[in-house]
Amino acid sequence: ALMVAAGYNIPEVLVVFAGRIYRGNRTVKVSADGLHAFDSPNYPELGRVSVRIQVTDALVRRAPHGVFKLQTMGDVHVGSLRLFPGIKADLLANILKPPLQGLVLECYGVGNAPVRDEALVEAIREATSRGILVAISSQCAKGMVDLRGYATGSALARAGAIGGLDMTPEAMMTKMTYLLSKGYRGDELKAKMQKDLRGELSPLPAD
C-alpha cells in the first residue's frame with residue numbers, strides 16, 4: 001500500500017489488500033477472516049500488486065484541477081435500515097421521525113419492497129414530503145438499483161424515494177452525510193445523490 005501511494009499517480013482513496021488495488025468508495029468488506037477480505041462488486045480493480053505493481057490507467061480518475069481542499073462534514077442525522085420479511089410500517093415510520101434527515105433503505109434485488117403494504121409506502125411518502133431523503137440500496141452485492149425496473153420500484157419512486165444506482169450502502173451513507181452537511185435539500189439533493197462525484201457510481205443506462 002505504501003509503495004502504491006508513494007510511487008504511483010492515483011489521486012484517489014484506495015484499498016490495497018491481498019494483491020488487489022480497489023477504489024475506496026467502491027469497496028466493501030466481504031470476509032471477516034479470509035485473506036481476500038475486500039471486493040469491489042460493481043467496478044473493476046484498479047490494479048494488482050505482486051512482484052511488479054500493475055495499474056490500469058484507464059480506470060483511474062484524473063486529478064482535479066486547483067488547490068487541494070479538505071471537505072468538512074457537519075452534524076447531520078442519517079441512518080440505514082435493511083428490509084426483512086414481515087417488517088412493520090410502524091418500525092419504518094418511527095425511524096423516519098425527526099431528527100433523521102436521510103435514510104438508506106436496503107431493499108431486495110433492483111429496489112423491490114413490499115409495496116402492497118400501503119402503510120409502508122405511506123410512511124415513505126410522508127417522510128419525503130417533510131424533506132427526508134430516502135435512498136434505495138440493494139441487499140445484493142452486485143447490480144444496479146433501478147426503480148424503473150419493476151412496479152414495486154416505481155411505487156417507491158412515486159412515494160418520493162430515489163434509487164442508489166450501483167453505489168455501495170457505505171458510499172451512500174457517506175455521500176448523504178456530505179451533501180446534507182453542505183446544505184443541499186429537496187430536488188437538488190436528490191439530483192446530487194444520483195450524480196457521480198468521485199467515481200462512486202455508474203450512470204443509469206438509457207431506456
Side-chain angles (χ1 to χ4, degrees), residues 5 9-15 22-29 38 40-43 46 59-83 92-107 110-111 113 123-139 143-148 153 156-205:
N9 183 23
I10 307 179
E12 303 190 28
V13 174
L14 305 174
V15 173
Y22 298 120
R23 173 170 293 163
N25 59 22
R26 291 283 196 155
T27 306
V28 295
K29 189 77 180 289
F38 296 92
S40 176
N42 290 312
Y43 196 77
L46 301 184
L59 297 175
V60 177
R61 288 177 63 84
R62 298 303 95 191
H65 298 291
V67 178
F68 175 75
K69 182 181 178 182
L70 288 174
Q71 300 292 322
T72 58
M73 293 192 188
D75 183 20
V76 300
H77 299 275
V78 301
S80 177
L81 176 65
R82 186 180 178 92
L83 285 186
L92 180 58
N94 283 329
I95 290 174
L96 288 167
K97 287 181 179 179
L100 193 79
Q101 296 170 271
L103 178 71
V104 175
L105 187 60
E106 295 186 43
C107 294
V110 295
I124 295 174
R125 181 179 295 108
E126 192 277 332
T128 58
S129 70
R130 291 187 282 108
I132 306 301
L133 175 63
V134 178
I136 307 300
S137 178
S138 176
Q139 296 180 15
M144 178 173 287
V145 172
D146 182 359
L147 297 186
R148 307 170 304 174
L156 295 177
R158 290 194 298 273
I162 63 169
L165 306 178
D166 62 350
M167 284 185 284
T168 66
E170 296 89 344
M172 290 176 66
M173 286 277 292
T174 306
K175 188 174 185 178
M176 190 179 290
T177 300
Y178 169 71
L179 292 174
L180 283 167
S181 70
K182 290 298 179 184
Y184 291 104
R185 298 293 186 273
D187 290 340
E188 190 177 21
L189 173 61
K190 291 181 178 181
K192 284 285 187 181
M193 277 294 295
Q194 295 186 303
K195 179 181 179 181
D196 179 37
L197 300 182
R198 296 293 184 272
E200 74 281 358
L201 62 80
S202 305
L204 190 66

If a pair satisfies salt bridge (charged side-chain N to carboxylate O under 4.0 Å, His left out) and one of its residues is in residues 92-102, list it, with sequence neighbours excluded.
none

Heavy-atom closest pair, residues [X] and [Y]:
| X | Y | answer |
| --- | --- | --- |
| Leu96 | Ala127 | CD1-CB, 3.7 Å |
| Phe38 | Tyr22 | O-OH, 3.5 Å |
| Leu156 | Cys107 | CD1-SG, 4.3 Å |
| Thr27 | Arg23 | OG1-O, 2.5 Å |
| Leu201 | Asp166 | CA-OD1, 3.3 Å |
| Leu147 | Ala161 | CD1-O, 3.9 Å |

Distance (rounded to the nearest 0.5 Å) between [X] [atom1] and [Y] [atom2]:
| X | Y | atom1 | atom2 | result |
| --- | --- | --- | --- | --- |
| Glu12 | Leu46 | CD | CG | 5.5 Å |
| Leu105 | Gln139 | CG | CD | 9.0 Å |
| Ile124 | Glu126 | CD1 | CD | 11.5 Å |
| Ile162 | Met172 | CD1 | CE | 6.5 Å |

Return yes when atom CZ of Arg125 has more than 12 non-hydrogen atoms of other residues, nucleotides or ligands closer than 6.0 Å, and no otherwise.
yes

Measure from the side-chain N and O atoms of Asn42 to the backbone N and O of Gly143, and report whether any donor-acceptor pair falls under 3.5 Å.
yes

Which residues share a side-chain hydrogen bond (donor to acceptor under 3.5 Å, both in side chains) with Ser181, sequence neighbours left out:
none

Full working for side-chain contact (heavy atoms from CB on, under 4.5 Å) between Ile95 and Leu103:
CA-CA 9 Å; Ile95 290 174; Leu103 178 71; 4.1 Å; yes

Can you give the donor-acceptor pairs under 3.5 Å from side chains of residues 66-82 to other protein atoms, not counting sequence neighbours?
unit_1 : atom_1 : unit_2 : atom_2 : d
Gln71  : OE1    : Tyr178 : OH     : 3.1
Ser80  : OG     : Glu106 : OE2    : 3.4
Arg82  : NH1    : Glu106 : OE1    : 3.3

Is any side-chain heavy atom of Arg62 closer than 4.5 Å to a side-chain heavy atom of Val60?
yes

What I'd like to find out is whether the side chain of Ser202 reaches to under 4.5 Å of the side chain of Arg26, using heavy atoms alone.
yes

Does the side-chain contact (heavy atoms from CB on, under 4.5 Å) test come out yes or no for Tyr43 and Leu59, once each step is laid out?
CA-CA 9 Å; Tyr43 196 77; Leu59 297 175; 3.8 Å; yes

Just do the side-chain contact (heavy atoms from CB on, under 4.5 Å) check on Met173 and Ser137 with the steps written out, would you?
CA-CA 10 Å; Met173 286 277 292; Ser137 178; over 6 Å; no

Let me check something: any side-chain donor-acceptor pairs from residues 189-196 under 3.5 Å, sequence neighbours excluded? List them with distances.
unit_1 : atom_1 : unit_2 : atom_2 : d
Lys190 : NZ     : Gly160 : O      : 3.0
Gln194 : NE2    : Gly163 : O      : 2.9
Asp196 : OD1    : Gly199 : N      : 2.7
Asp196 : OD1    : Glu200 : N      : 3.1
Asp196 : OD2    : Arg61  : NH1    : 3.3

Who passes salt bridge (Lys or Arg N to Asp or Glu O under 4.0 Å) against Arg185, sequence neighbours left out?
none

Can you list the residues that meet the salt bridge (Lys or Arg N to Asp or Glu O under 4.0 Å) rule with Glu188, with sequence neighbours excluded?
none

List the steps, then state whether side-chain contact (heavy atoms from CB on, under 4.5 Å) holds for Leu133 with Leu180.
CA-CA 9 Å; Leu133 175 63; Leu180 283 167; 5.7 Å; no

